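Heads up: the structure comes next, in structure tokens.
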There are 4 protein chains.
Amino acid sequence: MPGPPNAVRRSERARSAILTATTELIHELPYAKLSIEAIAARAGVGKQTIYRWWPSKGAVVFDAMLEQDSGPDGPGLPDTGDIRADLRLLLRGSIAALTEPGVEGFLRAMYVEIQQDSDLGELYRERLLRPQRTAITRRLEAGIQAGQLRPDLDLELTLDLLVGPIQYRWSLGVGGLDDAYADALLEAVMATAM
Amino acid sequence: MPGPPNAVRRSERARSAILTATTELIHELPYAKLSIEAIAARAGVGKQTIYRWWPSKGAVVFDAMLEQDSGPDGPGLPDTGDIRADLRLLLRGSIAALTEPGVEGFLRAMYVEIQQDSDLGELYRERLLRPQRTAITRRLEAGIQAGQLRPDLDLELTLDLLVGPIQYRWSLGVGGLDDAYADALLEAVMATAM
Amino acid sequence: MPGPPNAVRRSERARSAILTATTELIHELPYAKLSIEAIAARAGVGKQTIYRWWPSKGAVVFDAMLEQDSGPDGPGLPDTGDIRADLRLLLRGSIAALTEPGVEGFLRAMYVEIQQDSDLGELYRERLLRPQRTAITRRLEAGIQAGQLRPDLDLELTLDLLVGPIQYRWSLGVGGLDDAYADALLEAVMATAM
Amino acid sequence: MPGPPNAVRRSERARSAILTATTELIHELPYAKLSIEAIAARAGVGKQTIYRWWPSKGAVVFDAMLEQDSGPDGPGLPDTGDIRADLRLLLRGSIAALTEPGVEGFLRAMYVEIQQDSDLGELYRERLLRPQRTAITRRLEAGIQAGQLRPDLDLELTLDLLVGPIQYRWSLGVGGLDDAYADALLEAVMATAM
DNA sequence: TATTAAACGAGACGGTACGTCGGGTCTTCGG
DNA sequence: CCGAAGACCCGACGTACCGTCTCGTTTAATA
């Protein structure tokens with residue numbers, strides 16, 4: 001019986017070669033053409049070495065994405081004291097990230113996998129979505145402290161109002177995602193939040 | 001060179017058997033396990049008959065979904081004269097549809113395909129998304145006429161504020177999608193729209 | 001129930017187009033690539049028109065071959081009065097025919113089909129092989145009459161000795177089939193036959 | 001690019017299962033119905049495992065035939081000192097082999113493939129035909145040494161005279177292949193050879 | 001000459017098998 | 001024991017043809 005692999009003996013060389021190969025292939029191929037076999041070949045690694053450490057292709061892609069950065073916006077969010085300016089940066093930055101080729105491929109891939117693999121969905125929420133949401137929530141709370149937002153503001157809902165429309169347009173390919181959209185969205189949400 | 005098939009001679013029996021089989025299998029299997037081969041076998045049809053009329057599995061699934069109904073909310077939207085009540089129905093109904101087993105499988109499948117197939121994405125937008133958005137826009141315009149909404153309202157943005165957060169939560173599995181969420185979302189948007 | 005087709009109403013145009021197309025394709029393609037579909041397309045004919053009049057691809061090919069000539073040597077055989085000269089012509093002519101591109105493709109095809117389809121084998125024997133053998137037998141009998149061959153000669157066996165080695169070498173690709181071989185073979189057989 | 005497979009790591013279990021399955025199916029089915037798919041299924045093997053090691057169905061069948069025995073007559077030939085007796089055994093044995101169900105299916109299949117695949121034809125000649133012909137030639141040479149045959153005998157031609165008529169009758173289904181035919185043939189050839 | 005039943009061209013259909021790709025497992029060898 | 005290599009069993013892909021079955025449309029015998 002194999003039992004779990006011994007993480008101590010894990011080859012760092014293999015691990016990073018796999019993630020690098022995955023990143024390259026995500027940028028070169030449509031996601032449907034990305035195969036474990038291709039990753040292994042590109043990384044100069046046996047397939048078993050991938051299967052030993054990751055449960056699915058989506059998990060490899062997820063790790064490769066994490067290796068690149070810590071998500072579409074990064075976990076941090078500036079606090080200049082001006083809530084409107086900071087959120088503008090957030091929304092414009094989100095749109096820019098979703099459009100950037102280095103990121104879009106990864107995110108589309110994650111969208112695909114999340115619809116089909118609830119374990120991976122949970123992982124995505126814990127490792128990427130929750131930190132991002134927490135960071136924004138923190139900034140909104142600071143805005144309340146600073147008297148720039150209503151004290152009784154529903155933070156979760158405000159967050160959804162800021163992020164949801166952008167994700168919705170992006171994921172369905174609706175288009176019209178530019179700075180002007182970000183600004184208009186921000187003004188609409190600020191109108192309810194002050 | 002084969003050229004395009006002659007649609008006049010198409011077998012209605014085969015067409016509807018294929019869509020019915022697809023619908024059944026979408027409900028029985030995880031989408032990743034749905035194969036053209038399985039659809040053909042269940043429908044009692046040769047694979048070629050599927051490939052003759054649809055360019056991809058996603059296109060078959062899309063047609064099967066259309067055959068079931070005309071989308072998550074249907075193209076129509078009530079107009080009782082009370083914009084708040086009508087939109088409440090819309091949002092609650094959207095959430096209910098996204099959760100209903102008969103619909104969720106189809107929509108997850110479409111989300112998967114849209115990320116990977118831009119032709120299918122365009123089809124989805126034209127045949128499902130645009131009608132839905134047009135219907136809501138019409139209702140908002142009527143609300144403006146009735147003096148229940150601000151005349152200078154940005155309709156597209158308002159639409160995104162209503163629909164985006166729900167789609168966003170659903171597609172990423174964030175949870176918390178219930179009538180209370182729908183109502184809170186509606187109140188927030190109405191606050192900006194009146 | 002369809003019943004047998006009415007041969008009177010048969011389209012001569014279709015019949016000859018099919019046989020011509022078959023002959024062309026036999027010359028252009030390896031036999032394994034020759035399909036009924038290709039024949040029908042080349043002939044500008046519906047597949048059903050082929051299936052209506054021939055039971056199998058082999059039968060079409062057989063008819064196409066008959067249409068070209070009446071076999072590798074033709075049913076006739078000269079009788080100059082000199083049995084050795086006449087048989088030399090026969091053997092040299094057989095080898096020439098088996099090597100001629102216009103004939104070889106057909107004969108290889110028939111060899112293939114005869115191994116697998118006993119009905120077609122019977123047809124081949126009756127329509128091609130038997131006449132050929134009868135013609136040679138007649139000539140041998142004339143040779144006996146003329147006192148050039150032993151009166152107690154086993155005609156069937158002599159025939160096999162003349163024809164068998166050539167067919168054997170040709171069908172197995174042994175090579176060495178030329179006029180010199182024909183002549184040597186003839187001398188050997190004549191030695192037993194006089 | 002895959003490159004050639006590594007023969008060292010080849011599974012003997014799979015190899016012999018494939019050849020056994022092929023032998024069984026050759027005996028059960030007409031050759032036209034024998035598919036790679038059926039062989040793989042019967043052998044409990046993936047199709048790729050067949051395609052990895054053999055270039056064509058004919059090549060598999062050929063190897064399966066070799067696995068059974070070393071050809072229609074076997075490479076050896078007795079030398080009792082009596083050339084006539086030994087050749088009688090050869091011819092009668094050839095006819096028996098060609099008629100034996102366990103062999104006939106294989107040989108018909110090889111005849112079919114050889115007409116269409118020159119690589120396989122070459123293989124057949126090298127591995128089966130040449131050894132058989134060499135063995136007979138050796139025996140004839142011994143007969144010359146023993147003074148039972150003419151010293152100036154054309155060995156290749158004599159060989160063709162012995163074997164050709166039988167192969168010819170068999171391959172075209174002429175019939176009449178029995179011990180009497182073998183004996184008559186032998187006497188005719190011996191008449192030229194002594 | 002008009003009628004009419006068939007053969008015809010076209011090609012969609014339910015199937016079988018093709019040869020290929022990739023998934024996930026297993027085995028062998030080297031470090 | 002991990003890792004590389006890659007063979008293995010398997011399921012599915014998308015394609016080619018099979019032989020059957022409609023469809024209109026000629027077309028030729030007969031009424």
Side-chain angles (χ1 to χ4, degrees), chain A residues 2-3 5-11 13-15 17 33-38 40-41 43-53 55-57, chain B residues 2-3 5-11 13-15 17 32-38 40-41 43-53 55-57, chain C residues 2-3 5-11 13-15 17 33-38 40-41 43-53 55-57, chain D residues 2-3 5-11 13-14 17 33-38 40-41 43-53 55-57:
Chain A
N6 181 342
V8 174
R9 304 185 129 222
R10 181 170 186 180
S11 156
R13 195 189 64 65
R15 193 195 132 273
K33 300 271 182 185
L34 177 65
S35 64
I36 295 265
E37 211 137 78
V45 140
K47 280 199 286 178
Q48 195 56 53
T49 302
I50 298 180
Y51 284 110
R52 186 154 30 230
W53 300 108
S56 69
K57 185 175 69 174
Chain B
N6 181 342
V8 173
R9 315 189 59 182
R10 181 168 187 181
S11 158
R13 193 189 62 64
R15 192 196 130 273
K33 300 270 181 187
L34 177 64
S35 66
I36 296 262
E37 208 134 84
V45 142
K47 279 197 286 178
Q48 199 61 56
T49 300
I50 298 180
Y51 286 110
R52 182 147 44 225
W53 300 110
S56 67
K57 187 177 66 176
Chain C
N6 180 342
V8 174
R9 316 193 65 168
R10 180 171 188 181
S11 158
R13 193 191 62 66
R15 191 195 133 274
K33 299 272 182 183
L34 178 65
S35 65
I36 296 262
E37 213 139 81
V45 140
K47 281 198 287 179
Q48 196 58 54
T49 302
I50 298 180
Y51 286 111
R52 181 148 42 226
W53 300 109
S56 68
K57 185 177 68 174
Chain D
N6 181 341
V8 173
R9 315 191 58 180
R10 181 170 188 177
S11 158
R13 194 189 61 66
K33 299 272 180 186
L34 177 64
S35 65
I36 296 263
E37 209 134 84
V45 141
K47 278 197 286 179
Q48 199 63 60
T49 301
I50 298 180
Y51 286 111
R52 184 151 37 231
W53 301 109
S56 66
K57 186 177 66 175

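Computed from a predicted model, the values in this text were never measured in an experiment. Just so you know, these numbers use all the heavy atoms, side chains as well, and skip hydrogens, waters and symmetry mates. Letters A, B, ... mirror the listed sequences (proteins, then strands); counts begin at 1.
- Summarising the geometry, the separation between NZ on B:Lys57 and C1' on F:dG11 is reported as 13 Å, rounded to the nearest angstrom.
- Taking only distance into account, the side chain of C:Arg9 never meets the base of F:dA29 through a donor-acceptor pair shorter than 3.5 Å.
- The bend of the helix from E:dT1-F:dA31 to E:dG31-F:dC1, defined by the angle between the axes of its first five and last five pairs, stands at 20° to the nearest 10°.
- DNA chain E is contacted by both A:Ala38 and C:Ala40; C:Ala40 maps to the nucleotide lying nearer its 5′ end (nearest heavy atom per residue).
- Mapping A:Leu34 and B:Ala14 onto DNA chain E via the closest heavy atom, the residue that lands nearer the 5' end is B:Ala14.
- Here CZ of D:Arg52 is found 11.0 Å from CG of D:Asn6. Values are rounded to the nearest 0.5 Å.
- Distance NZ (C:Lys33) to C1' (E:dA17): 14 Å, rounded to an integer number of Å.
- Taking atom CD1 on D:Ile36 and atom P on E:dT20, their separation rounds to 11 Å, with Å as the unit.
- Residues C:Ala17 and C:Ala43 share a closest heavy-atom pair of O-CB, 3.5 Å.
- Listed here is the closest heavy atom pair of B:Ala40 and B:Gly46: CB-C, 4.3 Å.
- For D:Lys57, the salt bridge (Lys or Arg N to Asp or Glu O under 4.0 Å) criterion is met by no residue, not counting sequence neighbours.
- Residue A:Arg13 is classed as a sugar-phosphate contact, given heavy-atom separations below 4.0 Å to backbone atoms only.
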- Could you walk me through whether B:Lys47 and B:Ile50 pass the side-chain contact (heavy atoms from CB on, under 4.5 Å) check? CA-CA 5 Å; B:Lys47 279 197 286 178; B:Ile50 298 180; 5.8 Å; no
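- Close to F:dA4, at under 4.0 Å from its OP1 or OP2, lies a side-chain N or O of A:Thr49.
- For E:dC8, one of the phosphate oxygens OP1 or OP2 lies less than 4.0 angstrom from a side-chain nitrogen or oxygen of C:Trp53.
- A straight line from OH of A:Tyr51 to C1' of F:dA5 spans 15 Å, rounded to a whole angstrom.
- A donor-acceptor contact under 3.5 Å links the side chain of D:Lys47 to the base of E:dG19.
- Looking at heavy-atom distances under 4.0 Å, C:Arg15 makes no contact with the nucleic acid at all.
- Between A:Ala14 and A:Ser11, the closest heavy-atom pair is N-OG, 2.9 Å.
- Nucleic acid contact class of D:Arg10 (heavy atoms, under 4.0 Å, all strands): sugar-phosphate only.
- Taking the ring centre of B:Trp53 as origin, the terminal cationic atom of B:Arg15 falls outside the region bounded by 6.0 Å and 45° from the ring axis.
- Between A:Ile50 atom CD1 and E:dT25 atom P the separation is 13 Å, expressed in whole Å.
- The phosphate of E:dA7 (OP1 or OP2) has no side-chain N or O of C:Arg52 nearer than 4.0 angstrom.
- Separating the CG atom of D:Asn6 from the P atom of E:dC29 is a distance of 10 Å, rounded to the nearest angstrom.
- Side chain D:Glu37 to base E:dC18: no donor-acceptor pair is found below 3.5 Å.
- Residue order along DNA chain F, read from the 5' end via each residue's closest nucleotide, puts D:Ala43 first among C:Gln48 and D:Ala43.
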